[in-house]
Amino acid sequence: MEKIYQILVWASVFFYWLLIASVTIRVVLKRRALGVSIAWLMIIYIVPIVGVILYLLVGELNLGKKRAERSRAMYQPYRDWMESLGGCDAHRPQHQSFLSRPVHDLCLKRAGIPALAGNLLSLQSETADILRSIAADVQKAEHSVNMVFYIWQPGGHADDVAKAVCEAAERGISVRIMLDSAGSKAFFKSHWPDAMRKAGVELIEALAVSPMRMFLRRLDIRQHRKIVVVDNKVGYTGSMNMVDPRFFKQDSGIGQWIDIMVQAEGPSVPILNSIFAWDWEVETGLRYLPNLPECSLIEQHVHANHTVQIAPSGPGMPDGIIQQILMISIHQAKKSVTITTPYLVPSESLLGALQTTAQRGVTVNIIIPAKNDSLMVDWASRSFFNDLLQAGVNIYRFNGGLLHTKSVMIDEAFCLIGTVNLDMRSLWLNFELTLCVDDPDFCRDLITLQQTYMAHSTTVSLQEWRNRSIFNRPVEQFFYMFSPLL
């Protein structure tokens, strides 16, 4: 009997070693960012069995067999659709600024998406006005309404939009809405899904979270885009979910969420619509590629040479393209870089780009919320303050609520605006979207808004940060170790 126990013990030790060794080799062979690999190895060795299970569940970008097969099959038809825009009159690379041209070249070569001119953009920063504007455009719809959101929270003016889409569907308009399963769980528990479907809305729950699927795909991949397209002519995107801040996370102690949306008209709107069509087909297998835009431009048109580059990212799309756009833009800056983000957990390369840009004399401003809804991200963000401040980066902590705006302004002449946070989830995992705007008028509006944010912020000084509580430092370092996974 004793020998049997010894055999069982040795067999258990062998299989334990084999399990850890196999997962370790798999982590290393994936050849991801070094910090990501080290963070996973730490988890696997500190909590071995739990760490292995976590890695198998959320350690790799696994979209699921059906969605992955659809993405592969879809890629060329969608790329062909995008590349057909290259002959459009609105494609005017010769008129682009030196800041926007490299971004255009990258997106064109990697994703086939050209920048298009002739767009009329409006920056909207009052959430009540944004929701009213979306509801009004839906009410005027003649053919179609397409929406995708990470969060739809019932209540307030968000219900006005819900009523508008129901009424649109009832009068025969094609209405398709895709909502992330985890982000919109409160919505799916409300009466609205039944009401919408009864009205004729095609409503789907994207990336459904279920224990039955945990080993079939990675459960923490999220549909994080925010898109509204009406009649393939009017589009919205930005940082704002379909929520009225007065009715959203009011018990979290962080204040109301501060967001922006961009309303667009012009040839770039069908590209927004094609990104929605991509997401819809990945989830359902049904293809609804929109009509190509009307590209004829009048030379004297005030927006004739102001371009918009649309850059989507996520599973099935070119890896790391938005991080590349950020890196190109930051390194090109000659005078200033101003960034707003709710979650500041940069990759090693982005951190280095920000430090290098500040050290060569460029003014680098980063505006983040003073209070965050994620405790882990809040502590992880603080772990980067010392390196950034030492390099000369200015850090502003916004006191007017949870600043959820995601924007980057380069030299007050070229900007990025959309759904992307400066963290690993947005840069490498989720379905995201960024507008790259080469439009001086629009940039001036965003500059004014960013200055308003800074005016309502507290500046973090290097000396003040060095004098922070000694008890905070080990907590910051602990969460820093896991920052590549946040």
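Going from atom CD1 of I325 over to atom OG of S100 covers 12.0 Å, rounded to the nearest 0.5 Å. Annotation: the span from Q256 atom CD to F248 atom CZ amounts to 11.5 Å, rounded to 0.5 Å. Remark: H157 NE2 to I134 CD1 distance equals 12.5 Å, nearest 0.5 Å. Rounded to the nearest 0.5 Å, atoms CG (L422) and CD1 (I322) are 11.0 Å apart. Between I368 atom CD1 and I339 atom CD1 the span is 11.5 Å, to the nearest 0.5 Å. Separating the OH atom in Y78 from the CD atom in E281 is a distance of 4.0 Å, to the nearest 0.5 Å.
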Stepwise side-chain contact (heavy atoms from CB on, under 4.5 Å) check, F188 with L203: CA-CA 10 Å; F188 286 110; L203 172 67; 4.2 Å; yes

Go through it in stages, so that I can follow the logic: the residues are V228 and V230, the test is side-chain contact (heavy atoms from CB on, under 4.5 Å), and I'd like the CA-CA distance, side-chain angles, deciding distance and then a yes or no. CA-CA 7 Å; V228 177; V230 178; 4.3 Å; yes

Candidate pair H91 and L85, rule side-chain contact (heavy atoms from CB on, under 4.5 Å), full reasoning: CA-CA 7 Å; H91 182 219; L85 299 173; over 6 Å; no

Which is it for K226 and V148 under the side-chain contact (heavy atoms from CB on, under 4.5 Å) test, yes or no, and what are the steps along the way? CA-CA 6 Å; K226 293 91 176 165; V148 55; over 6 Å; no

Pair R79-E83, salt bridge (charged side-chain N to carboxylate O under 4.0 Å, His left out): steps then yes or no: CA-CA 6 Å; R79 188 180 178 99; E83 289 180 342; 2.9 Å; yes

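Formation of a donor-acceptor pair under 3.5 Å by the S133 side chain with backbone atoms of D129 is not found in this model. In this structure, N372 contributes its side chain and P342 its backbone to a donor-acceptor pair below 3.5 Å. Panel note: side chain N232, backbone N291; a donor-acceptor pair is recorded below 3.5 Å. Between the Q309 side chain and the A115 main chain, a donor and an acceptor come within less than 3.5 Å of each other. Listed for the D159 side chain is a donor-acceptor partner under 3.5 Å among the backbone atoms of G155. Listed for the S239 side chain is no donor-acceptor partner under 3.5 Å among the backbone atoms of D259. D438 places no side-chain N or O within 3.5 Å of a backbone atom of F414 that could act as its donor or acceptor partner. Side-chain atoms of S174 never come within 3.5 Å of backbone atoms of S144 as a donor-acceptor pair (strictly under, hydrogens ignored). With hydrogens and angles disregarded, no donor-acceptor distance shorter than 3.5 Å links the side chain of S125 to the backbone of I260. A distance-only check finds no donor-acceptor pair linking the side chain of N146 to the backbone of V229 [under 3.5 Å].
For the residue pair E432 and S426, a side-chain donor N or O sits within less than 3.5 Å of a side-chain acceptor on the partner. Judged by distance alone, the side chains of T340 and T405 never bring a donor and an acceptor atom under 3.5 Å apart. In summary, the side chains of D137 and Y236 do present a donor paired with an acceptor at a separation below 3.5 Å, with no hydrogens or angles considered.
Note on ring orientation: taking the six-membered ring where Trp is involved, the planes of Y453 and F398 are perpendicular (angle over 60°, cut-offs 30° and 60°). Between H404 and Y343, the ring planes lie perpendicular to each other; the angle is over 60°, past the 30° to 60° tilted range.
Annotation: F431 is not in aromatic contact with H224 [ring centroid separation under 6.0 Å not met].
Here the closest heavy-atom approach between residue M147 and residue V161 is recorded as CE-CG1, 3.9 Å. Annotation for L121 and V437: closest pair CD1-CG1, 3.6 Å, computed over non-hydrogen atoms. Between L350 and L427, the shortest heavy-atom contact is CD1-CD1, 3.5 Å.
Ion pair D105/R101 flagged as a salt bridge, since at least one NZ, NE, NH1 or NH2 atom sits closer than 4.0 Å to an Asp/Glu carboxylate oxygen. Salt bridge status for D231 with K233: absent, with no side-chain N to carboxylate O gap under 4.0 Å. The existence of a salt bridge linking D279 and R225 is confirmed by a sub-4.0 Å separation between a basic side-chain nitrogen and an acidic carboxylate oxygen.
A 4.5 Å side-chain heavy-atom check between L123 and F442 finds at least one atom pair inside the cut-off.
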